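Down below is the structure, laid out as structure tokens.
Keep in mind the model is a prediction, meaning the values are calculated, not measured. A, B, ... follow the sequence lines: proteins, then strands. Residue 1 opens every chain.
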Amino acid sequence: MSRKLLVTHALPYANGSLHLGHSLEAVQTDIWVRFQRLRGHDCLFVCAEDCHGTPVMIRAQQQGETPEALIGASAAEHLRDYHDLLIEHDQFHSTHSAENQRCCNQLYAALRAAGLISRRSVRQAYDEQARMFLPDRYVRGICPRCKSPDQYGDSCEVCGSTYAPAELLEPRSTVSGSAPVWRESEHLFFRLGACEAMLREWLASGARAPAVRAKLEEWFTAGLQDWDISRDAPYFGFEVPDAPGKYFYVWFDAPIGYIASFEALRARRGLDFDLYWKSETASELHHFIGKDISYFHNLFWPAVLHGAGLRRPTGVHVHGFLTINGEKMSKSRGTFISARRYLERLPPEPLRYYFAAKLGAGVEDLDMNLDDFLARSNSDLVGKFVNIASRCAGFIERSGGRLGVQLADPALYAEFVAAGERIAALYEQREYGAAIREIMTLADQANRYVDLHKPWALAKDPAQAPRVLAVATQGINLFRALMIYLTPVLPRMSEAAGHFLGVPVSAWNDVATPLLGVPLAAYQPLATRLDPALVAQLIEAPSAPTLPSAAPAAIGGPAGATAAAAKSSEKAQQGGGMIGMDDFSRIDLRVARVISAERVEGSEKLLRLSLELGAEPRQVLSGIRSSYAPEQLVGRLVIVVANLEPRRMRFGVSAGMVLCASGEGDGVFLLGADSGAQPGMKVS
RNA sequence: GGCUAGGUAGCUCAGCUGGUUAGAGCGUGGCACUCAUAAUGCCGAGGUCGUGGGUUCGAGUCCCACCCUAGCCA
């Protein structure tokens with residue numbers, strides 16, 4: 001029976017580029033959507049640009065443009081990233097839209113009518129110079145607990161304690177730099193506490209990861225607090241209809257953007273609103289989100305929907321965060337990878353495959369180990385899966401280019417078909433990793449099958465020609481079954497395979513009927529190995545140092561350097577791994593003299609070097625302790641990468657890299673300069 | 001700081017309600033094969049299951065403490 005589903009992933013915020021964490025969520029959602037469609041269900045997939053709030057307003061001011069211009073450019077960039085990641089939204093809309101304003105007003109009116117809105121006064125930091133109220137993140141000062149300087153108004157990054165901005169010592173506004181004053185202002189509150197019984201009932205209804213359930217239980221125990229849904233002018237957002245000068249808080253209007261995006265789609269396709277949003281409807285609503293916004297989606301959002309007389313979500317699917325090589329993604333650690341940086345270098349499907357192979361239904365963080373990524377893509381995808389088609393295609397071609405009329409081993413094929421339901425159940429439960437393991441086990445079986453029947457040996461005897469064809473036909477059909485199962489993950493490859501097979505993959509159930517007697521197109525490689533050099537480039541720090549921004553939420557604006565980097569990396573790809581002079585000249589190599597060297601306490605590998613390079617001595621942490629004693633180094637001339645982005649390590653900041661040679665065996669060997677060279681000289 | 005989760009072979013992960021010699025894939029060593037994008041098949045090596053206690057006939061699996069990582073604290 002065909003289900004009706006509406007699916008979303010979290011809205012990207014208009015104040016930064018998408019990174020691989022966003023990509024993970026989009027890919028997870030897209031795979032589920034494509035899977036549902038392949039199973040014959042009616043599945044809509046909507047998303048929108050999240051446009052409102054103080055960060056967007058301030059950033060637009062800083063850049064001297066209107067918020068509308070900024071969010072337009074951001075939406076265009078995000079949409080292009082999603083497109084290139086093969087994310088297939090039915091609708092990508094905007095929270096700054098007529099539809100969303102209408103929806104916000106309607107929901108607000110309904111909540112007010114239901115008695116779920118209250119008003120009360122709050123005391124808040126106010127910047128008299130900028131003439132605006134300051135969100136907690138825009139007040140910085142000394143932590144009241146541990147006295148660390150320059151901490152946010154809501155929590156200390158050093159000691160981890162949380163507090164109110166008023167407790168901060170020597171507070172100042174990050175907008176104007178002035179000391180804030182405290183002012184009263186009347187705000188609107190959503191009475192979440194009144195929804196507890198309903199929420200408990202709703203939470204009990206759906207399947208949820210144990211970790212999510214435990215966390216929600218904790219929130220209930222702590223008591224549900226009313227939620228401030230208004231902000232004072234100036235604010236970039238929608239004005240509250242019955243409260244002039246007050247605006248809906250961005251987190252109020254953002255999830256309503258899901259409805260607004262649906263509305264835009266409804267207008268285009270003539271859909272039925274009630275079928276998707278009316279209370280008690282039989283259609284399904286699924287949200288895919290990160291664990292950081294579980295509170296909003298598991299408490300506020302269903303409460304707002306229900307309070308306004310609408311349906312609640314069928315599922316809120318929470319995923320963990322993406323780490324890179326075991327580390328949190330961050331610019332200062334050099335592990336920040338934007339979606340564009342990836343897409344400029346590598347195709348989307350290996351990434352989709354890698355994410356799928358590691359995703360489960362739980363909230364555990366997922367590590368993208370770049371060596372693992374390379375190995376998995378090359379060995380699983382190319383070495384074992386695509387290889388099945390590749391090794392059989394030649395036999396078909398030499399037998400006349402047409403598949404045989406029957407399978408050599410129907411029982412084995414039936415096993416592949418039977419596995420389909422198990423795999424489908426895993427996709428449905430979002431246990432993609434388990435599904436992929438299942439599929440790759442089948443791929444191993446397929447390769448073993450071909451190995452066992454040795455068509456290349458049979459082909460030496462012309463009398464065995466029918467047998468050769470039958471074995472190759474079997475192999476191609478096993479490949480096709482797996483390609484169907486991988487279609488949600490690898491849509492583009494599936495299309496190419498459809499071209500090769502002469503029949504596109506159109507439904508999960510295509511697997512029930514083996515492909516026989518039809519001509520095959522000439523085989524073209526369906527995937528190629530990833531170039532390790534390009535994978536390694538993913539974590540290189542951006543060449544142009546990014547300017548520190550006053551807006552704390554500005555985490556990844558479109559860097560000016562990316563266009564140039566794109567160009568040169570394109571060249572690099574075309575030139576088969578060669579780089580141009582441009583690329584080389586971006587690396588600032590310098591001669592430096594070692595002033596002092598010492599072992600780093602607590603590390604087995606590192607030496608702390610102080611280098612004479614320019615006016616200031618420079619600290620570099622170098623992993624050469626196994627080969628050099630500190631006293632051997634003092635006074636030596638070495639070569640350093642001078643413009644490497646400083647990297648914060650557990651033992652301090654390392655500002656540069658000392659060049660060494662190393663090979664397969666033990667030992668690293670320092671590069672030096674002949675005598676006469678002076679510290680600071682450029683190496684070229 | 002409080003809370004929620006995770007810490008299992010070089011890497012990434014499975015291990016259900018505690019029960020015989022802890023599994024898989026990748027990587028690695030050897031062999032075979034040569035149809036296939038140096039692909040594939042077979043065989044092998046690799047783990048005191050974060051640390052320290054405890055419960056039990058028996059613990060990766062339960063309890064306690066601690067360490068490390070991530071998220072949340074509206």
Tell me, which stems hold RNA chain B, with a stem being 3 or more Watson-Crick or G-U pairs in a row and both distances under 3.5 Å? B:1-7 with B:67-73, B:10-13 with B:23-26, B:28-32 with B:40-44, B:50-54 with B:62-66

For C26(B) and Lys384(A) - does any side-chain N or O of the residue sit under 4.0 Å from the phosphate oxygens OP1/OP2? yes

Among G41(B), A5(B), C35(B), the nucleotide that comes nearest once only the side chain of Val450(A) is considered: C35(B)

Taking for each residue the nucleotide of RNA chain B bearing the nearest heavy atom, is the 5' side occupied by Gly223(A) or by Lys460(A)? Lys460(A)

Measuring centre to centre across the rings, with the benzene-like ring taken for any Trp, is Phe336(A) within less than 6.0 Å of His19(A)? yes

Upstream residue (5' side of RNA chain B) when Val363(A) and Ser390(A) are each assigned their closest nucleotide: Val363(A)

From G6(B), U40(B), C26(B), pick the nucleotide closest to the side chain of Ser379(A)? C26(B)

Does the structure place the NZ or CZ of Arg231(A) under 6.0 Å from the centre of the six-membered ring of Phe133(A), at an angle of no more than 45° from the ring's axis? no

Work out how far the P atom of C49(B) is from that of U8(B), and round it to whole angstrom. 11 Å

Side-chain donor/acceptor of Ser494(A) to backbone N/O of Leu490(A), under 3.5 Å: no

Rounded to the Å, how far apart are Leu224(A) CG and C73(B) P? 14 Å

Can you figure out which of C35(B), U37(B), A39(B) approaches the side chain of Arg398(A) most closely? C35(B)

Whole-Å distance separating the CG atom of Asp444(A) from the P atom of C42(B): 8 Å

I need the NE2-P distance between His453(A) and C35(B), as an integer number of Å. 18 Å

Is there a donor-acceptor pair under 3.5 Å between the side chain of Asp365(A) and the backbone N or O of Gly320(A)? no

What is the distance, rounded to the nearest whole Å, between atom CG of Asp451(A) and atom P of A36(B)? 13 Å

Could you check how far CH2 of Trp227(A) sits from C1' of C73(B), rounded to whole Å? 16 Å

With P as the reference atom in both, quote the distance from G50(B) to A14(B) in angstrom, rounded to an integer. 14 Å

Inspect the surroundings of CD in Gln429(A) and state if more than 12 heavy atoms from other residues, nucleotides or ligands are less than 6.0 Å away. yes

Quick one, Leu516(A) and Asn477(A) - any side-chain contact, counting heavy atoms below 4.5 Å? yes

Side chain of Asp292(A): nearest nucleotide among A39(B), C72(B), G25(B)? C72(B)

Consider the side chain of Trp456(A), meaning its heavy atoms from C-beta on, and name the nucleotide among C26(B), C33(B), G6(B) that approaches it most closely. C33(B)

Using a heavy-atom cut-off of under 4.0 Å over every strand shown, decide if Gly383(A) touches base, sugar-phosphate, or nothing. sugar-phosphate

Counting side-chain heavy atoms from CB outward, which of C72(B), U37(B), G6(B) is closest to Trp219(A)? C72(B)

Output all residues satisfying side-chain hydrogen bond (donor to acceptor under 3.5 Å, both in side chains) with Arg398(A), sequence neighbours left out; order by chain, then residue number. none

A quick test of your reading: do over 12 heavy atoms of other residues, nucleotides or ligands sit less than 6.0 Å from CZ of Arg200(A)? yes

How far apart are the closest heavy atoms of His22(A) and Leu18(A), and which atoms are they? ND1-CA, 3.4 Å

I'd like the C1' distance from U12(B) over to G1(B), given in whole Å. 34 Å

Check whether the ring centres of Phe300(A) and Trp251(A) lie less than 6.0 Å apart, and answer yes or no. no

Of the candidate nucleotides C35(B), G25(B), C42(B), which contains the atom at the shortest distance from the side chain of Asp380(A)? G25(B)

Determine the Euclidean distance between corresponding P atoms of C64(B) and U69(B); express it in Å to zero decimal places. 22 Å

Using the P atom in both, what is the distance from A22(B) to C13(B), to the nearest Å? 23 Å

Gap in Å between the two C1' atoms, one belonging to A59(B) and one to C3(B), rounded: 27 Å

Indicate every side-chain donor-acceptor pair of residues 452-464 of chain A with a distance under 3.5 Å to a residue at least two apart or in another chain.
residue: His453(A); atom: ND1; partner: Tyr449(A); partner atom: O; Å: 2.9
residue: Lys454(A); atom: NZ; partner: Asp451(A); partner atom: O; Å: 2.9
residue: Asp461(A); atom: OD1; partner: Ala463(A); partner atom: N; Å: 3.0

What is the distance from CD of Gln151(A) to P of G1(B), rounded to the nearest Å? 15 Å

Do Trp32(A) and His317(A) pair up side chain to side chain, a donor and an acceptor below 3.5 Å, judged on atom types alone? no

Could you give the NE2-to-P distance, from His319(A) to A70(B), as a whole number of Å? 18 Å

Considering residues at least two apart in sequence or located in another chain, which fulfil the side-chain hydrogen bond (donor to acceptor under 3.5 Å, both in side chains) criterion with Tyr485(A)? none

With rounding to the closest Å, how many angstrom separate the C1' atoms on G44(B) and U20(B)? 24 Å

Angle between ring planes, Phe385(A) versus Phe479(A), binned at 30° and 60°: parallel, tilted or perpendicular? parallel

In residues 522-530 of chain A, what residues come within less than 4.0 Å of RNA chain B, judged by heavy atoms? Tyr523(A), Pro525(A), Leu526(A), Ala527(A), Arg529(A)

Expressed in angstrom and rounded to an integer, what is the separation of Tyr353(A) atom OH from C26(B) atom C1'? 10 Å

Short N/O separations, protein against nucleotides 10-13 of chain B, under 3.5 angstrom:
residue: U12(B); atom: OP1; partner: Asp367(A); partner atom: OD2; Å: 3.4
residue: U12(B); atom: O4'; partner: Asp372(A); partner atom: OD2; Å: 3.4
residue: U12(B); atom: O3'; partner: Lys358(A); partner atom: NZ; Å: 2.5
residue: U12(B); atom: O2'; partner: Lys358(A); partner atom: NZ; Å: 2.8

With P as the reference atom in both, quote the distance from G30(B) to A70(B) in angstrom, rounded to an integer. 40 Å

With syn defined as a glycosidic torsion within 90 degrees of 0 and anti otherwise, which applies to G58(B)? anti

